[in-house]
Amino acid sequence: MNDVLPDEIARWQHLERLFAETARCYGFSEVRTPFVEPTGLFVRTIGEATDVVEKEMYSFTHHDEALTLRPESTAGLARAYVEHRIHTREPVTKWFSCGPMFRAERPQRGRYRQFSQLDCEIYGDPGPGCDAELIDLVVGFMAKLQIPDVRVLVNSIGGPETRVRYREGLVAFLEPRRDGLSADSQRRLGTNPLRILDSKDERDKAIMAEAPNLAEFLSDDDKAHFDGLQRALTALGVPFTVDPLLVRGLDYYTRTLFEVKGGSAKLGAGDTLAGGGRYDNMIEELGGPSVPAIGFAAGVERLVIASEATIEPSRIDAYVSPLGAGAIERAMILGRDLRQHGIATEVDTRGGSLKSQLRRANALGCSVAIILGENEIAAGTAQVKDLLGHTQDSIALSDVVRIVADRLKSRSR
Ligand code: AMP
């Protein structure tokens with residue numbers, strides 16, 4: 001779990017602002033749900049035999065209530081969609097959300113136990129057009145963040161019946177080859193055999209190269225949906241690759257799955273920046289009506305590492321330098337006036353030497369210092385020093401705010 005300190009926070013804020021803007025342009029509204037949900041919600045939706053539920057959830061019991069720090073946001077958002085009967089208000093709902101998730105994973109670069117995700121969900125559109133729009137949103141957002149080397153992978157795992165048939169086919173193929181599989185995959189064969197598809201173990205990969213192909217098990221409707229997605233992505237000019245081994249870790253997915261990778265030079269193998277897919281049965285399984293849905297989540301820490309955008313750190317505009325103890329209170333009043341006009345201002349309430357105050361003003365990146373000596377205050381004036389142009393003027397105290405505001409405005413143009 002990481003601390004995010006001020007020198008990095010500007011990148012986080014830039015990214016979150018850009019994401020909110022992008023999502024708003026695609027018609028999404030922001031939703032915030034609790035960080036804690038009943039454990040059963042995640043077990044039911046993510047699936048019992050998944051890494052997240054088996055090993056990674058921070059769960060606890062409080063007064064006989066089993067609770068979990070959310071490991072992802074799709075389940076909580078779906079719970080909120082059902083609980084507030086959102087389907088009665090509108091046929092299609094587009095929500096976005098940002099915030100921390102918790103998974104007890106083995107930490108490494110780009111993989112943490114508390115991490116932040118940006119998330120979009122669409123309820124009520126069976127696709128495949130909306131699937132393509134969602135992928136287009138992610139790709140456009142990553143372009144704005146100047147992430148190099150972005151690649152989109154897509155796959156379809158079909159509907160629940162396809163999955164059952166494929167699972168049977170896969171188990172029938174793997175059972176006679178069980179001894180050649182890694183220990184993890186041998187265990188998964190009995191619990192969640194689809195996960196063997198994306199195993200990184202070389203022994204598993206060699207066996208899986210011969211395994212039945214998921215695409216051959218898709219129903220005609222699944223195939224039409226997947227073809228529609230590919231056509232729409234092509235029409236939008238979004239380059240993509242079909243990855244038949246892409247299954248992703250969670251049980252709730254149906255049909256479309258996708259991942260967006262990028263920034264590999266900095267992230268190495270952990271270069272999956274965003275992942276998502278369709279989950280057409282979740283809303284109904286949570287007690288709601290039959291409403292199809294699709295969503296994705298992107299990891300903020302990884303995007304921050306991968307982004308090559310230059311971000312201006314936030315700066316203080318003006319520095320108020322009182323000279324002498326008698327000037328400090330007047331300096332504080334001037335400071336508040338400047339702040340009320342939206343000018344970020346630091347007042348040197350310690351009141352050191354002029355030299356040390358100006359050194360601090362420069363270190364903070366201020367463009368203007370306002371020097372208030374006791375004599376100036378008596379005369380109703382202040383010295384306004386331009387720290388970039390190195391000029392200095394004596395100005396009536398009553399005009400200082402207006403003049404400083406004008407100078408900052410002309411500078412930012
Ligand atoms: P997932 O919810 O597992 O599909 O993950 C979606 C995205 O969240 C990933 O592509 C990563 O960018 C990010 N992510 C997932 N797990 C972690 C983690 N433990 N630490 C940092 N980022 C993560």
Side-chain angles (χ1 to χ4, degrees), residues 14-29 92-96 98 117-158 214-215 218 220-248 253-267 271-280 292-300 302-311:
H14 169 76
L15 196 139
E16 284 164 359
R17 220 176 304 123
L18 205 60
F19 177 66
E21 252 171 55
T22 308
R24 194 181 52 76
C25 285
Y26 278 79
F28 288 77
S29 312
V92 175
T93 295
K94 296 181 175 184
W95 279 353
F96 80 91
C98 313
Q117 281 187 338
L118 310 171
D119 196 281
C120 283
E121 312 287 340
I122 304 175
Y123 308 95
D125 187 334
C130 91
D131 306 19
E133 280 215 321
L134 197 64
I135 295 173
D136 180 54
L137 182 161
V138 184
V139 171
F141 171 57
M142 294 200 182
K144 285 191 207 156
L145 282 175
Q146 298 178 34
I147 294 186
D149 182 25
V150 168
R151 281 116 52 219
V152 177
L153 306 177
V154 296
N155 193 21
S156 174
I157 50 165
L214 179 53
L218 295 182
D220 289 345
D221 283 351
D222 293 335
K223 270 191 214 142
H225 186 280
F226 195 32
D227 288 346
L229 168 65
Q230 295 180 57
R231 271 200 312 275
L233 286 174
T234 306
L236 286 168
V238 176
F240 63 92
T241 310
V242 175
D243 178 358
L245 298 182
L246 180 67
V247 286
R248 303 191 38 74
Y253 289 120
T254 51
R255 293 193 167 166
T256 304
L257 291 178
F258 65 96
E259 279 188 354
V260 182
K261 295 176 184 275
S264 320
K266 290 195 192 137
L267 284 162
D271 61 349
T272 306
L273 301 172
R278 188 160 271 290
Y279 49 97
D280 287 342
I294 183 166
F296 78 87
V300 175
R302 291 189 196 180
L303 293 172
V304 166
I305 295 173
S307 167
E308 293 187 347
T310 15
I311 311 296

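What you see is a predicted model; the values in this text were computed from it and never measured.
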Enquirer: Under a 3.5 Å distance rule, please check whether Asn155 uses its side chain to pair with a backbone N or O of Leu246 as donor and acceptor.
Expert: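 Yes, the answer is positive, given that a donor and an acceptor are paired below the 3.5 Å cut-off.
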Enquirer: Compare every heavy atom of Ala215 with every heavy atom of Lys223, then report the nearest pair and how far apart it is.
Expert: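 Looking at all heavy atoms of both residues, the closest pair is CE-O, 4.1 Å.
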Enquirer: So, does Ser156 use its side chain to make a donor-acceptor pair with the main chain of Gly158 at under 3.5 Å?
Expert: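 The answer is yes, because a donor-acceptor pair under 3.5 Å joins these two groups.
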Enquirer: Show me the donor-acceptor pairs within less than 3.5 Å that the side chains of residues 226-243 make with the rest of the protein, sequence neighbours left out.
Expert:
unit_1, atom_1, unit_2, atom_2, d
Thr234, OG1, Gln230, O, 2.7
Asp243, OD1, Leu245, N, 2.9

Enquirer: Using 0.5 Å steps for rounding, measure from the CD1 atom of Ile157 to the CZ atom of Arg248.
Expert: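 One gets 10.0 Å once the value is rounded to the nearest 0.5 Å.
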Enquirer: CZ/Arg255 to CG/Leu218 distance, rounded to the nearest 0.5 angstrom?
Expert: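 So the CZ of Arg255 and the CG of Leu218 are separated by 9.0 Å.
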Enquirer: For a quick test of your reading: what N or O donor-acceptor pairs under 3.5 Å do the side chains of residues 136-146 make, sequence neighbours left out?
Expert:
unit_1, atom_1, unit_2, atom_2, d
Asp136, OD2, Tyr26, OH, 2.8
Lys144, NZ, Thr22, OG1, 3.1

Enquirer: The test is side chain to side chain contact (heavy atoms under 4.5 Å, CB included); show your working for Ile122 and Thr93 and say whether it passes.
Expert: CA-CA 6 Å; Ile122 304 175; Thr93 295; over 6 Å; no
Enquirer: For the residue pair Thr256 and Asp131, confirm or rule out a side-chain donor-acceptor distance under 3.5 Å.
Expert: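 Per modelled atom types, Thr256 and Asp131 side chains form a pair under 3.5 Å.
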Enquirer: Could you work out, with salt bridge (Lys or Arg N to Asp or Glu O under 4.0 Å) as the rule, every residue matching Arg302, not counting sequence neighbours?
Expert: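 By the salt bridge (Lys or Arg N to Asp or Glu O under 4.0 Å) rule, Arg302 matches no residue at all.
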Enquirer: Output all residues satisfying side chain to side chain donor-acceptor pair (under 3.5 Å) with Lys266, sequence neighbours left out; order by chain, then residue number.
Expert: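 Listed in chain order: nothing, the list is empty.
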Enquirer: Salt bridge between Arg151 and Asp149, side-chain N to carboxylate O under 4.0 Å?
Expert: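 Yes, Arg151 and Asp149 are salt-bridged.
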Enquirer: Carefully, step by step, assess Cys120 and Leu134 under the rule side chain to side chain contact (heavy atoms under 4.5 Å, CB included).
Expert: CA-CA 8 Å; Cys120 283; Leu134 197 64; 4.0 Å; yes
Enquirer: Using only atom types and a distance under 3.5 Å, with no angle test, would you say the side chain of His225 pairs donor to acceptor with the backbone of Asp220?
Expert: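 No, His225 side chain to Asp220 backbone: no donor-acceptor pair under 3.5 Å.
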Enquirer: Within this structure, what is the SG-CG distance for the pair Cys98 and Leu118, rounded to the nearest 0.5 Å?
Expert: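 Separation between the atoms: 5.0 Å.
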Enquirer: For the pair Lys261 and Leu153, evaluate side chain to side chain contact (heavy atoms under 4.5 Å, CB included) and give the outcome as yes or no after the intermediate values.
Expert: CA-CA 8 Å; Lys261 295 176 184 275; Leu153 306 177; 3.5 Å; yes
Enquirer: List in chain and number order the residues that pass side chain to side chain donor-acceptor pair (under 3.5 Å) with Asp119, two or more places apart in sequence or in another chain; answer none if no residue qualifies.
Expert: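 Ser73.
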Enquirer: Do you know the tightest heavy-atom contact between Ala309 and Ser307?
Expert: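 Looking at all heavy atoms of both residues, the shortest contact is N-OG, 3.2 Å.
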Enquirer: Run the side chain to side chain donor-acceptor pair (under 3.5 Å) test against Asp280 and tell me which residues pass, sequence neighbours left out.
Expert: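 Scan of Asp280 (side chain to side chain donor-acceptor pair (under 3.5 Å), adjacent residues dropped) gives Arg278.
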Enquirer: Kindly write out the residues that satisfy side chain to side chain donor-acceptor pair (under 3.5 Å) with Tyr123, not counting sequence neighbours, or none if the list is empty.
Expert: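 Partners of Tyr123 under the side chain to side chain donor-acceptor pair (under 3.5 Å) test: none.
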Enquirer: How close do Ala306 and Gly263 get, heavy atom to heavy atom, and via which atoms?
Expert: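 Nearest heavy atoms, Ala306 then Gly263: CB-CA, 3.9 Å.
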Enquirer: Applying salt bridge (Lys or Arg N to Asp or Glu O under 4.0 Å), can you list everything that pairs with Asp125, at least two apart in sequence or on another chain?
Expert: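 Asp125: no salt bridge (Lys or Arg N to Asp or Glu O under 4.0 Å) contacts found.
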Enquirer: What are the two closest non-hydrogen atoms of Val92 and Gly124, and how far apart are they?
Expert: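 Heavy atoms of Val92 and Gly124 come nearest at CG2-O, 3.9 Å.
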Enquirer: Mind checking what makes side-chain contact (heavy atoms from CB on, under 4.5 Å) contact with Ser29, not counting sequence neighbours?
Expert: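 Scan of Ser29 (side-chain contact (heavy atoms from CB on, under 4.5 Å), adjacent residues dropped) gives none.
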Enquirer: In terms of ring plane angle, is the pair Phe296 and Phe258 parallel, tilted or perpendicular, where the classes change at 30° and 60°?
Expert: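 Taking Phe258 first and then Phe296, their aromatic rings sit tilted (interplane angle of 30° to 60°).
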Enquirer: Which heavy-atom pair separates Tyr253 from Gly276 by the least distance, and what is that distance?
Expert: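 Closest heavy-atom pair between Tyr253 and Gly276: CE2-C, 3.8 Å.
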Enquirer: State which residue, out of Asp271, Val260, Leu303, fulfils the side chain to side chain contact (heavy atoms under 4.5 Å, CB included) condition with Ile147.
Expert: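 Between Ile147 and the candidates, side chain to side chain contact (heavy atoms under 4.5 Å, CB included) is satisfied uniquely by Leu303.
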Enquirer: Who pairs with Glu133 by side-chain contact (heavy atoms from CB on, under 4.5 Å), at least two apart in sequence or on another chain?
Expert: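 Counting only residues at least two positions away or on another chain, Glu133 forms a side-chain contact (heavy atoms from CB on, under 4.5 Å) with Lys94.
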Enquirer: In Å, rounded to the nearest 0.5 Å, how long is the span from CZ of Phe28 to CD of Glu121?
Expert: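 Here the interatomic distance stands at 8.5 Å.
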Enquirer: Please give me the minimum heavy-atom distance between Gly295 and Tyr279, naming the atom from each residue.
Expert: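 Gly295 and Tyr279 have their closest heavy atoms at N-CE2, 3.7 Å.
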